[in-house]
Amino acid sequence: MERTEVLKRVIGILTEAQDIRRAVETERDANGDGEGGGDGGDGGDGHGDAVEATAGVASTLLNEMLPSISVPADASPQQVATAVAEALGPALHTMVSGFSLAFTSLAIAHDSGRTDVSAIEVLQELALEIEAGTYDEGP
């Protein structure tokens with residue numbers, strides 16, 4: 001998968017996580033389940049549903065981003081380890097770079113005191129920059 005596509009998928013994971021969290025909080029508020037409640041296996045913090053939904057979305061997108069690996073049935077443990085490292089190394093490096101880029105963009109907006117944009121808007125701006133080729137260079 002191309003670097004640009006991986007970066008867009010990372011933004012997709014973060015954006016979807018934000019949307020899910022907001023939907024769960026809105027539903028909880030509408031049901032009057034405010035603070036201190038919850039019996040949904042969430043430890044009483046009311047965020048169990050958001051965590052489960054976000055994990056599902058993240059798992060799906062990660063499965064799409066990671067390459068499939070096949071090794072011969074008679075491969076030695078060393079050969080399997082080498083095949084896994086060669087296949088996953090570049091993909092994981094690109095994903096970590098994408099999450100780091102997104103985190104840095106969000107942190108800069110936060111640290112500069114920008115209250116005129118939401119996290120979603122920062123991620124949308126980053127997606128537009130990626131689409132425009134701003135981050136085509138690099139590892």
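Please read these numbers as outputs of a predicted model, since none were measured by experiment. Basis for what follows: all heavy atoms, side chains included, without hydrogens, waters or symmetry-related copies.
Residues in residues 122-133 take part in these side chain to side chain donor-acceptor pair (under 3.5 Å) pairs, two or more places apart or across chains: Lys8-Glu131, Glu129-Tyr135.
Atoms CD1 and CD, on Ile120 and Glu16 in that order, are 9.0 Å from each other to the nearest 0.5 Å. To the nearest 0.5 Å, atom CG of residue Leu123 and atom CG of residue Leu128 are 11.0 Å apart. Rounding to the nearest 0.5 Å places CZ of Phe99 at 12.0 Å from OG1 of Thr94. Rounding to the nearest 0.5 Å gives a distance of 10.5 Å between CD1 of Ile130 and CD of Glu5.
When atom types are taken as modelled, the side chain of Glu121 and the backbone of Ser118 share a donor-acceptor pair closer than 3.5 angstrom. Using a distance-only test at 3.5 Å, with no hydrogens or angles considered, a donor-acceptor pair links the side chain of Gln79 to the main chain of Ser76.
Residues passing the side-chain hydrogen bond (donor to acceptor under 3.5 Å, both in side chains) test with Asn63: none are found, sequence neighbours excluded. Residues meeting the salt bridge (charged side-chain N to carboxylate O under 4.0 Å, His left out) test with Asp74, sequence neighbours left out: none. With sequence neighbours left out, the salt bridge (charged side-chain N to carboxylate O under 4.0 Å, His left out) criterion links Arg22 to no other residue.
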Output side-chain donor-acceptor pairs under 3.5 Å for residues 80-90, partner residues at least two apart or in another chain, one line each.
unit_1, atom_1, unit_2, atom_2, d
Thr82, OG1, Gln78, O, 2.9
Thr82, OG1, Gln78, NE2, 3.4

Give every donor-acceptor pair under 3.5 Å between a side-chain atom in residues 103-111 and any protein atom, sequence neighbours left out.
unit_1, atom_1, unit_2, atom_2, d
Thr104, OG1, Ser100, O, 2.8
Ser105, OG, Leu101, O, 3.0

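Inter-residue side-chain proximity for Leu66 and Leu92 is flagged as met; some heavy-atom pair is nearer than 4.5 Å. Put simply, the side chain of Met95 does not reach to within 4.5 Å of the side chain of Ile13, judged on heavy atoms.
Between Gln18 and Ala119, the shortest heavy-atom contact is NE2-CB, 3.2 Å. Nearest approach of Ala102 to Leu14, heavy atoms of both residues: CB-CD1, 3.4 Å.
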